[in-house]
Amino acid sequence: MSLGIAALSWVTPLGSDIEEIWSRLLAGETAPLESLADPETKKEYLVRRVSPLALKQLPPQTRLRRASAISRFAAAAGLTALRNFAGPLDRTALIFAVSNGGVIYTRRFYSEIVKAGSQGASPLLFPETVFNAPASHLAAILGLQGASYTVVGDGAAGILALKLAEDLLAGPGVDSVLVVAAEEIDPLVCEAYRRWRLLRNPTQPENGRGIILSEGAGAVLLTREKRELQLSAIDAGTTFFRRTEAAGKLRKLRERLETSPSIIVGSANGTFIDRAERSALGAIPYSPKPALGDSVGASVLWQLIAATQILKTARVPDYPDTTVGSSALVLSCGLNQHMGGLRVKLA
């Protein structure tokens, strides 16, 4: 089933305007690196963060006054995607994709319990600790009465969210689906990735080994209508149980989506994924992660937006001599053993 891409939006460490971000990526810019310190352990981590200026178009919302960063990122992306949508929202479904979730408020919530006992459990913090908090905020702000789902996974979670959107649009009760993905950064998450031996060494940021976590969001509005940009295939993918299996399964995934050469937007991030893509595809395809950081749960939508911009501008950052056709593949390999992909076409 081919799905029309009615709107896209981006909230990244390089801003929130898609055209401006793309111009900066084509010019070779990368989002600035920041040092994030854990207030308790004093350890420091390299991250890429969203500037408050990227949220300047987010209208004041009472619900978001005490909301976590991830909820504000999701709201900004979702509202921007729907800004020029003229369709009925009562037939619009919402799907939210996430990996790490609202860690900042979760840490605060349990820290207060540890310090003050059970009476320290704050009813103001608790709602932001659940994975579907951003979806709840966005659905309430928009007044959506239909289906609302939250998909939790690794860096390939967005593929599952898009596949669910395709399934919903195959039925009679939904005319459009808003897919949103977002992440926020907290030192606790950084430390976990460090212990998994996946994080970039802050003393050697230039060596390219290990991920640099970033925050932000992405959104795509999908319909059954034919549009200039179409999602012509979505492969929910497969799992792999050893890193050495990743290359072979990526190769098969690419073959299932399209056997002829295509522009590929991958998920290379300084880990074993780079080697897997190089082995499976002959070279590392373009990935926005070296410039924007790894947004984990939001990664697939960032890759999708990059693919659409490549097709629209016929230009690929870092690869100025690449010939761009009318279709592109997005292949996502997550760090927790899931991968999937999709094909996007320019009409």
Side-chain angles (χ1 to χ4, degrees), residues 1-11 18 73-98 132 134-135 138-139 141-153 156-182 216-237 257-258 265 295 297-312 326-332 340-347:
M1 179 181 179
S2 185
L3 306 178
I5 299 176
L8 293 160
S9 66
W10 224 353
V11 177
I18 289 181
F73 296 152
L79 291 172
T80 299
L82 287 174
R83 182 178 299 155
N84 299 316
F85 181 58
L89 290 182
D90 60 337
R91 294 181 61 83
T92 298
L94 172 64
I95 301 174
F96 178 62
V98 65
N132 65 325
L138 188 53
I141 291 170
L142 294 171
L144 298 180
Q145 301 296 317
S148 176
Y149 297 90
T150 294
V151 177
V152 183
I159 296 291
L160 299 177
L162 293 168
K163 186 63 178 177
L164 177 56
E166 182 182 53
D167 293 341
L168 290 175
L169 286 167
V174 174
D175 290 337
S176 58
V177 179
L178 177 64
V179 181
V180 181
V220 55
L221 181 65
L222 300 172
T223 72
R224 298 189 194 88
E225 301 172 1
K226 187 174 180 60
R227 300 276 181 165
E228 179 187 18
L229 290 164
Q230 297 280 130
L231 273 185
S232 58
I234 304 171
D235 191 316
L257 284 165
E258 190 169 29
V265 178
S295 58
S299 293
V300 168
L301 294 194
W302 286 16
Q303 291 173 249
L304 172 58
I305 293 170
T308 63
Q309 289 301 109
I310 287 172
L311 295 178
K312 290 172 65 176
S326 60
S327 69
L329 296 185
V330 171
L331 300 180
S332 177
L342 58 89
R343 182 171 67 243
V344 58
K345 286 192 171 183
L346 182 66

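Smallest separation of non-hydrogen atoms from A328 and A307: CB-CB, 4.2 Å. For V179 against A161, the heavy-atom pair with the smallest separation is CG1-CB, 3.9 Å. The two atoms that bring G218 and L301 nearest to each other are O-CD1, 3.2 Å, heavy atoms only.
For the atom pair CD of E225 and OG of S2, the computed distance is 12.5 Å after rounding to the nearest 0.5 Å. Taking CD1 from I234 and CD1 from I159, the interatomic distance works out to 7.5 Å, rounded to the nearest 0.5 Å. Expressed to the nearest 0.5 Å, how far CG of L342 lies from CG of D235 amounts to 9.5 Å. Distance check, rounded to the nearest 0.5 Å: CD1 of I95 to CG of L178 gives 9.0 Å. Once rounded to the nearest 0.5 Å, the distance linking CG of L82 with CG of L89 reads 6.0 Å. With rounding to the nearest 0.5 angstrom, the CD1 atom of I310 is 12.5 Å from the CD1 atom of I305.
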Task: Verdict with reasoning, V220 to V177, per side chain to side chain contact (heavy atoms under 4.5 Å, CB included) - done: CA-CA 8 Å; V220 55; V177 179; over 6 Å; no
TODO: Go through L160 and V300 one step at a time and tell me if the side chain to side chain contact (heavy atoms under 4.5 Å, CB included) criterion holds.
DONE: CA-CA 10 Å; L160 299 177; V300 168; over 6 Å; no
Open item on the list: Determine whether T80 and V11 satisfy the following criterion, side chain to side chain contact (heavy atoms under 4.5 Å, CB included), listing intermediate values before the conclusion.
Closed with: CA-CA 10 Å; T80 299; V11 177; over 6 Å; no
- [ ] Just do the side chain to side chain contact (heavy atoms under 4.5 Å, CB included) check on T308 and L346 with the steps written out, would you?
- [x] CA-CA 8 Å; T308 63; L346 182 66; over 6 Å; no
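A search for side-chain hydrogen bond (donor to acceptor under 3.5 Å, both in side chains) contacts involving K345 returns nothing, not counting sequence neighbours. Annotation: side-chain hydrogen bond (donor to acceptor under 3.5 Å, both in side chains) contacts of S176 (sequence neighbours excluded): T92. Here N132 pairs with nothing under the side-chain hydrogen bond (donor to acceptor under 3.5 Å, both in side chains) rule; sequence neighbours left out.
Shown here is Y149, whose OH atom has no more than 12 heavy atoms of other residues, nucleotides or ligands within 6.0 Å.
A donor-acceptor distance shorter than 3.5 angstrom exists from the side chain of W302 to the backbone of A217, with no hydrogens or angles considered. With hydrogens and angles disregarded, a donor-acceptor distance shorter than 3.5 Å links the side chain of R224 to the backbone of V174.
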